[in-house]
Protein chains: 4
Amino acid sequence: MAALTMRQKEIIEASVHLIAEGGIQQLTIKNLSRAIGISEPALYRHFHSKQAILRGLLGFFADESRTVFERVTGSDRPAREKLQAILIAHFEQFAKYPPLSAVLFSEEIFQNDGVLAQKVLEIMDTGQSYLLKIVLQGVTAGEFRDDLPAEHLVAVIMGALRLMVTKWRLSKYGFDLRREGATLWNSLGVLVSSIGAAGDRG
Amino acid sequence: MAALTMRQKEIIEASVHLIAEGGIQQLTIKNLSRAIGISEPALYRHFHSKQAILRGLLGFFADESRTVFERVTGSDRPAREKLQAILIAHFEQFAKYPPLSAVLFSEEIFQNDGVLAQKVLEIMDTGQSYLLKIVLQGVTAGEFRDDLPAEHLVAVIMGALRLMVTKWRLSKYGFDLRREGATLWNSLGVLVSSIGAAGDRG
Amino acid sequence: MAALTMRQKEIIEASVHLIAEGGIQQLTIKNLSRAIGISEPALYRHFHSKQAILRGLLGFFADESRTVFERVTGSDRPAREKLQAILIAHFEQFAKYPPLSAVLFSEEIFQNDGVLAQKVLEIMDTGQSYLLKIVLQGVTAGEFRDDLPAEHLVAVIMGALRLMVTKWRLSKYGFDLRREGATLWNSLGVLVSSIGAAGDRG
Amino acid sequence: MAALTMRQKEIIEASVHLIAEGGIQQLTIKNLSRAIGISEPALYRHFHSKQAILRGLLGFFADESRTVFERVTGSDRPAREKLQAILIAHFEQFAKYPPLSAVLFSEEIFQNDGVLAQKVLEIMDTGQSYLLKIVLQGVTAGEFRDDLPAEHLVAVIMGALRLMVTKWRLSKYGFDLRREGATLWNSLGVLVSSIGAAGDRG
DNA sequence: CATGAATGAGAATTCATTCAT
DNA sequence: AATGAATGAATTCTCATTCAT
C-alpha cells in the first residue's frame, strides 16, 4: 500500500478514463500506454501487472471514499446534516470527475477477478456502515424516523444515490448532477425524517 | 424480433450463466460453445455474431420485463397492491433464476457497444415509466404521499430494489432474497404511503 | 496418449528440426508455424500449448525408443547380438534422422519444466534398464565379463554411445556415424566380453 | 581475456546457479541482476552484453579445466595414476560445486550462438586430447591394453564420466558422486588395463 | 445442422538493451 | 559504479469469425 508515484497516479487516472469511455474491455495495456504516451512495456515499471493497476485503482478510491466519510462522520453535527454533507460531497465528487462514476458503482467490472471483486465489496460495505452509523445516530437523536429498520433507510439512501449516478452516466452526463442530486436529497431528507412518520402525532 | 428457436434460447441461457459466473469477459464463443456442447462455428448458425447473441439476450429480457409490468399494470387494483406485486414478482424472478441478476442491473456490461447500451437504457427506462405510472395513480388516489416528486419515489423504490439485488448477487446469493425483499417492501410501502406524510393530518 | 494426427506428427517433426538447428530457444510458436506454413493460432488446434507439443514430442520418442528395445530384447539371441543390434539400430536411427540427436540426449533442454524433465528422465531410465537386462543375460550366459558390476558395463556402453552421437551432432554430422558407430561397437564388444577378462584364463 | 574482476566472477557464478536451477532460459538479465542484488543496467558495466557473460563463463571454465589437466599431465607418474587423478579431480570439482555440472556437459545450452558453441567444442576437444595423450602414454608403457584404438578407450572413459555426472545432476545430486565416481573409476581402470586384454597371455 | 481447420487482430507479458542522471 | 525510466522486438496465447466439407 505504498504511496503512489506520479506515474502510478497518471496510470490510474488514464485507466478510469478508459473504463468510463468503453467499459473494462477498453482497458488494455495498449490503450493505456497510448493514452499516457509511453510504450507498453514501460507500464510494467510502474505496475507489475494489469491486475496490479486495477488493485491500485480500487485501493486509491477506497481511500478517497473513506476520507470523505471520515471527514463528515468525525464532526458532531446532527445526523441530518451529516447525511446531507455526504450526499452532496458524493455528487460533487462525481460532477467534478465524471469517469469515477463508471468505476465506483460498477461492481460487475471486477467480477472477473476474485481479489478485485473482494475489494469492490469492501468499498461498498464501508460506505454502507458509515451510513448506518449516521442513520442510527439520527434515529437515537429523534431526528430520523424509528418506525422502520435503519438498514432499510440506508438501503433507500444508497440505492437512490447509486441509481441517480448510474442514470447520469448512462445519459452521458446529460443533466446537472449537482442540482438533481440536491433535490433528491430534499426528498430523501423528508423520507427519513421523523416528522410525520407513523407514530408521530406531534 | 422473430421468436427465438430452442437453440437460440439455449444459447441465451448459457450466455447469462457465463456472464453470471465470471462477468462479460467469460462470455466468449469458445466458452459458450463448450457450455452448450456444440462446435464454435455451429453457434453462427443460430446467431450471426456475438453481438447478435447479446442483442437477443437483451431483447428477450426486455420482453420478459415488459410482460411482468404489463400483467400487473393492466389490472385495476390499488397502486399499493400493484407496486407490491411488481416488487415481489421481481424478487421472485431473480430468486428463481439467479444468473439473471448479473445481467439485468449491470449496465456496464454493455457499455462497449452502442446498440446494446441503447437497449439496456430502454429496459431501464421502461421499468421506470411503468413504476411512475403506478406511483402517479397512487398519488392521485391519495394512497401515496404527494409531498414529494413522484420521480423521487420511483427513484427510491427502484434504487432500493436494485441495491438489494446487487448485494444479493455479490454475496453469491447468500441470503434469502424473497424474504429480505418482502421486508424491504414493507418499509418501502410505509415510506411512500400518504399516511403520516407531511401535510397529512388526517 | 491418443494416437497422433498427421498434423501433430508434422508439428513434432518441425519442432525437432528447429531444436536441432538452434536449440530450444529457436522453438517458438512463430518459427514453428512458419516452418509448417500455417498461422500461429492454427497450431493451437493441434496442441493446446507449447508445453503440450514438447510433451507430445517426448512421448513420441519414448514410444519409438521403447519399440526398438522391445523388438531386440524380445528375441532369444545371445546377449552380444542383442547389444550389437541395439547399438546399430540407434546409430541407424540417428543417421537416418539426424535432428533426433539434438533432442534425445539433451536433457538440459527440458530442465525448464518439471513435467518434461520427468519424461526425459524416464526415457533415459528405460534405455538403461533394457541395457542392464541384456548385460545381465550376457553375464549369466558367460558371454560378458563378470568381474565388473553390470551397471558399470551399461554405463560404459551408454556413455560411449551418447558421447559419440553428441560429437557427431556438434561436428554438424561431419562424419559417418554408421561406420564410426560400428567400429565403436567392435571395441565395446571386446571390452565387455568375458574372453580375456580378469579371471579368465581359459 | 583480461583477468576477471570480483564483480565479473560474481556474475558468472550467479549465472551458473541460474542455469543449474532452471536451464539457460532462466538466465535472464533480470534474474541475474536480482540474484546479485544490483540493477539491470549495472550489469552492463561489467559485461557489455549477455553473450559476453556467457563467453566469460565458458572462458573461465575452460581455463579451470585446462588447469586441472595441466597439473596432472605435467607430472611423470604412470598413466594409470594420471587417469585416476583426473577422474577423481573432476568428481571432486563437481561435488564441491554442483551447479557446474549443469554447464560443463551441456553443449546444447550454447547451441544458439555460434561463438559460444565453438567455445564449448574447444573445451570438449581439449579434455579429449589431454585424455588421449595419457592413454597413449599408458598404451606405450604397456599399462593399458593395445588391442583397441586409444580413441575408443578415451570415448569410454569420457562417456562414462559424463553419463554419471549427468545422472547425478538429473537426480538432483541425489547420490554421493565422489563415492560412485571412485567405484566407477575402479571399473574403468580394469577395462583399460592391459592385464587380461586379448593378446595378453602373460 | 454441424464440424475441423484455419486466420488476422490483438491480448498480456518478457526480453536484452539504452540513456539521462 | 549505479540507477530509474524507457523501448523495440518478441513471447505465448485468445478472440471472433470464415470456409470447405
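Any value given below was found using the heavy atoms of this structure, including those in side chains, with hydrogens, waters and symmetry copies removed. Chain A is the first sequence line, chain B the second, and so forth, proteins listed ahead of strands; every chain is numbered from 1.
A 4.5 Å side-chain heavy-atom check between D:Arg7 and D:Ile36 finds at least one atom pair inside the cut-off. Within the 4.5 Å cutoff, the side chain of B:Gln111 has no heavy atoms near those of the A:Ser106 side chain. Residues D:Glu122 and D:Asp125 are not in side-chain contact: their nearest non-hydrogen atoms beyond the backbone lie 4.5 Å or more apart.
D:Ile29 comes within contact range of at least one nucleobase, with a heavy-atom separation under 4.0 Å.
Put simply, CG on C:Leu54 and CD1 on C:Ile109 are 9.0 Å apart, with the number rounded to the nearest 0.5 Å. Taken from CD in D:Gln25 to CG in D:Leu18, the straight-line distance is 13.0 Å, to the nearest 0.5 Å.
The interatomic distance linking D:Arg7 (CZ) with F:dT3 (C1') rounds to 13 Å, in whole Å. The distance between atom NZ of C:Lys30 and atom C1' of E:dA11, rounded to the nearest whole Å, is 15 Å.
Across the strands present, E:dA11 finds its partner in F:dT12; the criterion is a Watson-Crick or G-U wobble pair with both atom distances under 3.5 angstrom. Across all strands shown, F:dA20 forms a Watson-Crick or G-U wobble pair with E:dT3, both key distances being under 3.5 Å.
When atom types are taken as modelled, the side chain of C:Ser101 and the backbone of C:Pro98 share a donor-acceptor pair closer than 3.5 angstrom. Side-chain atoms of A:Asn31 come within 3.5 Å of backbone atoms of A:Gln26 as a donor-acceptor pair (strictly under, hydrogens ignored).
Contacts between residues 16-28 of chain B and DNA chain E, defined by a heavy-atom separation below 4.0 Å, involve no residue at all. Within residues 31-53 of chain C, the residues approached by DNA chain F to less than 4.0 Å at the level of any non-hydrogen atom are C:Glu40, C:Pro41, C:Tyr44, C:Ser49, C:Lys50, in residue-number order.
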Working for side chain to side chain contact (heavy atoms under 4.5 Å, CB included), residues D:Val120 and D:Phe61: CA-CA 10 Å; D:Val120 159; D:Phe61 290 123; over 6 Å; no
